[in-house]
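In this text the structure is predicted, and so the values were computed from the model without any measurement. Positions are given from 1, in the same order as the sequence printed here.
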Amino acid sequence: MDPDMMTKRVLTDTDLSTQGWLILPTQKIENIEKNLGFTLPRNGAQVEILDNDKSYWVNLNKNKAGYCIGEGWKSFRDERDLKTGDVIQLYWKDTKFIFSMW
């Protein structure tokens, strides 16, 4: 796996709050954009997260806080029963993020 195409996060209380979004490291997402020759549209983009054999669609946006996964994150988070302190990894492959936990 190309480390420039992945981001790893320890989930915080904020990531799991009722606000319903996951903030992603700006530099990592900008590296992915650069490697793909892609710029995220102003209104964001629907991206797929593949978790084993299950697919989830979420909205990837850029706001004042940086890049975030908004719409769809809460459903994904709840279905996976994610908790504060969980370590997650998102790896961009082809046209989707591949999800894993550590």
Any side-chain heavy atom of V10 sitting closer than 4.5 Å to one from V87?
yes
Do F99 and F76 have ring centroids that are under 6.0 Å from one another?
yes
Mind listing the closest non-hydrogen atom pair of K83 and L16 along with its distance?
C-CD1, 3.1 Å
As an exercise, state the distance from OH of Y56 to OG of S75, rounded to the nearest 0.5 Å.
9.5 Å
Search all heavy atoms of D86 against all heavy atoms of D81 and return the closest pair with its distance.
OD2-O, 4.3 Å
I need the single residue from N35, V47, I98 that forms a side chain to side chain contact (heavy atoms under 4.5 Å, CB included) with W92. Which is it?
V47
Which of these passes side-chain hydrogen bond (donor to acceptor under 3.5 Å, both in side chains) with T84: D13, T14, T12?
D13
Measuring from atom CG of L90 to atom CD1 of I32, what distance do you get when rounded to the nearest 0.5 angstrom?
8.0 Å
Which atoms form the tightest heavy-atom contact between C68 and I23, and what is the distance?
CB-CD1, 3.8 Å
With the 4.5 Å side-chain cut-off for hydrophobic clustering, are F38 and W57 part of the same group?
no
d(L82 CG, D15 CG) to nearest 0.5 Å is 9.5 Å
Please report the closest heavy-atom contact between S17 and R77, naming both atoms and the distance.
O-NH1, 2.8 Å
What's the separation between atom NZ in K62 and atom OG1 in T39, rounded to the nearest 0.5 Å?
9.5 Å
Within this structure, what is the CG-CG distance for the pair N59 and N43, rounded to the nearest 0.5 Å?
8.0 Å
Side-chain touch Y67/T7, heavy atoms, less than 4.5 angstrom:
no
Between NZ of K28 and CE of M5, what distance do you get to the nearest 0.5 Å?
10.5 Å
Got a sec: does the CD of E30 have more than 12 other heavy atoms crowding it under 6.0 Å?
yes
Non-hydrogen atoms of K96 and E48 that approach each other most closely:
CB-O, 3.4 Å
Quick one: do I49 and W21 end up in the same hydrophobic cluster if we chain Ile, Leu, Val, Met, Phe, Trp and Tyr together by side-chain heavy atoms under 4.5 Å apart?
no
F97 and L60: which non-hydrogen atoms are nearest, and at how many Å?
CE1-CD2, 4.5 Å
